[in-house]
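Values in this document were obtained by computation on a predicted structure and should not be read as measured data. Below, chain A is the first sequence line, B the second, and so on; all start at residue 1.
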Amino acid sequence: MNQPAKIKHALSVTREADFAAWYQDVIAEADMAEESGVRGCMVIKPWGYGIWERIQQQMDARIKDAGVQNCYFPLFIPLSYFAKEAEHVEGFAKEMAVVTHHRLIADGKGGLVPDPEAKLEEPLVVRPTSETVIGAAMARWIQSWRDLPLLTNQWANVVRWEMRTRMFLRTSEFLWQEGHTAHADRADAMAETLRALEMYRSFAEDVLAMPVIAGEKPENERFPGAVATYSIEAMMQDGKALQAGTSHYLGTGFAESAGIRYQDREGTQQFCHTTSWGVSTRLIGGVIMVHGDDDGLRVPPAIAPQQIVILPMLREDDGDAELLSYCEGLRTALAAESALGERLRVLLDKRPGKATQKRWAWVKKGVPLILEIGGRDAAGGQVSVLRRDRLWREDGKVNFVGMGRDAFIAAAPGEIEAIQRALHAEAAARRDSQIQRGIDSLDALADYFSEENRYPGWVELGWSRPTGAALEAVVATLKALKLTIRNTPMDGPAVSGQCLFTGLPAVERIYVARSY
RNA sequence: CGGGGAGUAGCGCAGCCUGGUAGCGCAGGUGCUUUGGGAGCAUCAGGUCGCAGGUUCGAAUCCUGUCUCCCCGACCA
């Protein structure tokens, strides 16, 4: 954010000036998604969906590596399935879309209305999550201890009628994967819950280059019906926290309401212990707010639909054919190289138009490497390379670096991997510098999150793990400061000292932050 | 759902108060010049003013309703 004033950034709004407007601008200028005309629903455009496809593909591989099999369950869930689990229905009731009719009829005024004759016997809920319908299937599929563990996942859309929506972060309809597993006992189910959490943590770090803290949510933040909820929490550039993935140990509650039982080795009927875990298109919102800058998106190479874009500087004259031939050869040679365990994704952008204009479009999309190739490069066997994460030179000029063609081809995989690492390192350094420790009173906490401190980040506190009414009191105190407890980290040094809220000895640590 | 703001050409906006032929910038087409780095000049095209009613001789403009978006709150795996 400390660029000299002479730099003319690609976006019209900076993060510093208005972070929320900047976020919207990145999505629009990178052409990732747009409004659909339906409240809270978005059209995901090729660049945004391409990123999602990269996320899906790599997450799916990790899910399958863990022995989980993909299935697909219905979009519509009978209302009665929800009613079986009291906490669950209460948690979701206020945000469910409900189908009540199966036919329309003319209203006599040129419009259409639901046909009263076609009212459904039982309303159908558009799934906000699928524990109930998958639980019903598990009850049919599981008979014996030999059927366990049952490990399933589905890639699906879900609908939650949120009050306030934001592109990618909270949309009425979103895309996700939801893993659902059933186990013989608590230990096995908890191991699966934590395995999924670790899968999400490493995926966020390695693939999204997004540093996260994996930990357990406090009881007031638990998934409706869960016994324990774990999350990965990422810090956005405005210091707010984003819950980027969750994993739940559901105990036997869902098994009891859905009748998921098995006969153990001794012949006794037992309830299964179930888990569920998910990540969604929200991850893309996180990538934007962790890696984006005042020139638009910066996509980590591992999820970039294109990692290298070649822009020939077409002159619309006889030299173009030779230039394009050089660029095509360059593209082919690069596409034969591999980085991050995959072939490089290289696009030769032959569309008509000036290379400079196309360059800024790709800068805003955040493609990791841009090559601009002119006639002299082609003649001299050179390339001109721009790294998206090192866009500007000290003097305020665009940071193109000239290289020999063959040297670049040899170096490209290393550059792509270096960009992946650099984005992670930059985000981790920022995150670490914005975690405040040593705050020892409520006044100091309030002071730290005062208006003047614009991007305060997170505060790490010792925590006595209060429950029930004592926890509610803490939550209310924090709410007055617009703060929430994010999670208790899974690892780290032992704690000492007092809990700032209760005065009792601290037994673990928590992170407190503003959040999305 | 409460408070505030907005919806006019592909995009960004003015016009509305005080009703009278729909404007500007960017993007787009064409021509010329220029071009190793986010070009210049000329010219052309593009809009039932979110939608539905109402008032009026006449509505982008006034009134009512409605939908969508943004900000703040409430809510939120």
Side-chain angles (χ1 to χ4, degrees), chain A residues 7-13 18-25 27-29 31 34-42 87-88 90-96 109-111 127-131 158-167 169-172 174 176-179 217 220-226 229-232 242-248 250 276-282 295 311-317 323 352-364 370 372-380 382 384 386 391-392 396-400 402 479-480 482 484 515-516:
Chain A
I7 289 179
K8 187 183 168 192
H9 285 293
L11 299 185
S12 53
V13 192
D18 186 341
F19 196 81
W22 167 84
Y23 177 77
Q24 301 275 127
D25 207 32
I27 292 168
E29 293 294 325
D31 210 21
E34 64 185 18
E35 299 301 335
S36 64
V38 179
R39 204 198 103 86
C41 296
M42 61 180 176
E87 277 185 51
H88 192 59
E90 193 188 322
F92 283 106
K94 281 180 280 186
E95 54 183 58
M96 291 201 287
K109 293 181 281 189
R127 62 179 164 218
T129 181
S130 303
E131 277 75 8
V158 290
V159 168
R160 297 180 187 180
W161 215 261
E162 301 286 355
M163 287 298 171
R164 188 167 161 201
T165 59
R166 275 167 170 275
M167 285 226 197
L169 295 177
R170 183 174 292 108
T171 45
S172 300
F174 57 91
W176 77 346
Q177 59 68 216
E178 46 180 327
K217 301 293 274 185
N220 63 302
E221 299 270 354
R222 274 182 203 143
F223 176 71
T229 287
Y230 299 83
S231 71
I232 54 170
L242 182 73
Q243 179 173 302
T246 51
S247 184
H248 314 288
L250 302 174
S276 68
W277 28 274
V279 295
S280 72
T281 36
R282 170 181 274 192
D295 296 291
L311 299 176
M313 300 177 68
L314 301 171
R315 302 285 290 271
E316 298 189 347
D317 61 21
L323 176 59
K354 303 207 72 164
T356 47
Q357 291 187 340
K358 290 195 285 181
R359 170 170 89 214
W360 289 108
W362 286 113
V363 164
K364 288 186 284 191
I370 295 172
E372 283 187 21
I373 311 294
R376 258 175 259 167
D377 293 313
Q382 297 286 115
S384 187
L386 181 63
L391 193 56
W392 302 103
K397 297 239 168 66
V398 177
N399 190 23
F400 275 104
K479 190 172 178 179
K482 299 182 189 174
T484 55
S515 71
Y516 279 97

(request) Take the protein atom NZ of A:K479 and the nucleotide atom C1' of B:rA74, then report the distance between them rounded to whole Å. (result) 7 Å
(message) Taking the C1' atom in each of B:rC57 and B:rC1, what is the distance between them to the nearest angstrom?
(response) 44 Å
(message) Nearest 0.5 Å, please: how far is CZ in A:F400 from CZ in A:R359?
(response) 4.5 Å
(message) Can you confirm whether A:E35 sits close enough to A:M167 that some side-chain heavy atom of one is under 4.5 Å from a side-chain heavy atom of the other?
(response) yes
(request) Using both distances under 3.5 Å as the test, list the Watson-Crick or G-U wobble partner of B:rC41, or none. (result) B:rG31
(request) Determine the interatomic distance between P on B:rC26 and the same-named atom on B:rC41; round to the nearest Å. (result) 9 Å
(request) Using both distances under 3.5 Å as the test, list the Watson-Crick or G-U wobble partner of B:rG73, or none. (result) B:rC1
(request) Would you give the length of the straight line joining atom CE of A:M96 to atom CZ of A:R127, rounded to the nearest 0.5 angstrom? (result) 14.5 Å
(message) Do A:E372 and A:D377 make a side-chain contact, defined as non-hydrogen atoms from C-beta onward lying under 4.5 Å apart?
(response) no
(message) Say we look at B:rG19 and B:rG65: how far apart would their P atoms be, to the nearest angstrom?
(response) 22 Å
(message) Output the rounded distance in Å from CD (A:E95) to C1' (B:rA74).
(response) 14 Å
(request) Would you please classify the geometry between the A:W22 ring and the A:F19 ring as parallel, tilted or perpendicular, with 30° and 60° separating the classes? (result) tilted
(message) Looking at B:rA6, which nucleotide sits across from it as a Watson-Crick or G-U wobble partner, both distances under 3.5 angstrom, or is there none?
(response) B:rU68
(request) Find out whether A:F92 and A:F223 are in side-chain contact, i.e. whether some heavy atom of one side chain is under 4.5 Å from a heavy atom of the other. (result) yes
(request) With heavy atoms under 4.0 Å as the rule, sort A:P224 into base, sugar-phosphate or nothing. (result) sugar-phosphate
(request) Among B:rC76, B:rA77, B:rA74, find the nucleotide with the atom closest to the side chain of A:R160. (result) B:rA77
(message) Taking B:rG47 as the reference, what is the distance to B:rC11 when you measure between their P atoms (whole Å, please)?
(response) 14 Å
(request) Would you give a per-nucleotide map of nucleotides 5-13 of chain B, 5' to 3', where B means the base has a protein non-hydrogen atom under 4.0 Å away, S means only the sugar-phosphate does, and - means neither? (result) ---------
(request) Could you check which nucleotide pairs with B:rU18 in any of the strands shown, counting Watson-Crick or G-U wobble with both distances under 3.5 Å? (result) none
Between protein and nucleic acid, restricted to nucleotides 65-73 of chain B and to nitrogen or oxygen atoms under 3.5 Å apart, what atom pairs and distances do you find?
residue	atom	partner	partner atom	Å
B:rC69	OP1	A:G40	N	2.5
B:rC72	OP2	A:R164	NH2	2.2
B:rG73	OP1	A:K482	NZ	2.9

(request) Quick one: sort the A:W392 and A:H9 rings into parallel, tilted or perpendicular, breaks at 30° and 60°. (result) perpendicular
(message) Could you identify the nucleotide paired to B:rU55, looking across every strand shown and requiring Watson-Crick or G-U wobble geometry with both distances under 3.5 Å?
(response) none
(request) Round to the nearest Å and state the distance from A:Y516 atom OH to B:rA77 atom C1'. (result) 19 Å
(request) Can you measure from OG1 (A:T229) to NE2 (A:H248) and round to the nearest 0.5 angstrom? (result) 5.0 Å
(message) Rounding to an integer number of angstrom, what distance separates B:rG10 and B:rU21 when you compare their P atoms?
(response) 23 Å
(request) Tell me, yes or no, whether the heavy-atom count around A:Q24 atom CD, taken from other residues, nucleotides or ligands under 6.0 Å, exceeds 12. (result) yes
(message) When the P atoms of B:rG15 and B:rG73 are compared, how many Å lie between them, rounded to an integer?
(response) 30 Å
(message) What's the gap between B:rC67 and B:rG20 when it is taken at their C1' atoms, as a whole Å value?
(response) 30 Å
(request) Decide yes or no for A:W277 and A:Q177: does some side-chain heavy atom of the first lie under 4.5 Å from some side-chain heavy atom of the second? (result) yes
(message) Applying side chain to side chain contact (heavy atoms under 4.5 Å, CB included), can you list everything that pairs with A:A10, at least two apart in sequence or on another chain?
(response) A:D295, A:W360, A:K364
(message) With a 4.5 Å cut-off on side-chain heavy atoms, are A:I27 and A:M42 touching?
(response) no
(message) My understanding is that a pair needs two contacts under 3.5 Å, Watson-Crick or G-U wobble. By that rule, which nucleotide pairs with B:rC24?
(response) B:rG12
(request) For nucleotides B:rA59 and B:rG3, find the distance between their P atoms and express it as a whole number of Å. (result) 32 Å
(message) Heavy atoms only, 4.0 Å cut-off, all strands: where does A:S280 land among base, sugar-phosphate and nothing?
(response) base
(message) Can you work out whether A:A10 or A:G245 has the more 5'-proximal nearest nucleotide on RNA chain B?
(response) A:A10
Could you list all N or O pairs between the protein and nucleotides 46-48 of chain B that sit under 3.5 Å apart?
none

(message) For A:Q243, give me all partners under side chain to side chain contact (heavy atoms under 4.5 Å, CB included), at least two apart in sequence or on another chain.
(response) A:K217, A:S231, A:E233, A:T246, A:R282, A:R486
(request) Indicate for each nucleotide in nucleotides 26-36 of chain B, in 5' to 3' sequence, whether protein heavy atoms under 4.0 Å reach the base (B), only the sugar-phosphate (S), or nothing (-). (result) ---------BB
(message) When you measure from the side-chain N and O atoms of A:T356 to the phosphate of B:rA39, is any distance below 4.0 Å, counting only OP1 and OP2?
(response) yes
(message) Using heavy-atom distances to pick each residue's nearest nucleotide on RNA chain B, tell me which of A:G91 and A:W360 is more 5'.
(response) A:W360
(message) Return the CG to OG distance between A:L242 and A:S515, rounded to the nearest 0.5 Å.
(response) 8.5 Å
(message) If I take atom CD1 from residue A:I370 and atom CG from residue A:L391, how far apart are they, to the nearest 0.5 angstrom?
(response) 7.5 Å
(request) Spell out yes or no: do the side chain of A:T246 and the base of B:rA77 have one donor N/O and one acceptor N/O closer than 3.5 Å? (result) yes
(request) Can you measure from CZ (A:R160) to CZ (A:R170) and round to the nearest 0.5 angstrom? (result) 10.5 Å
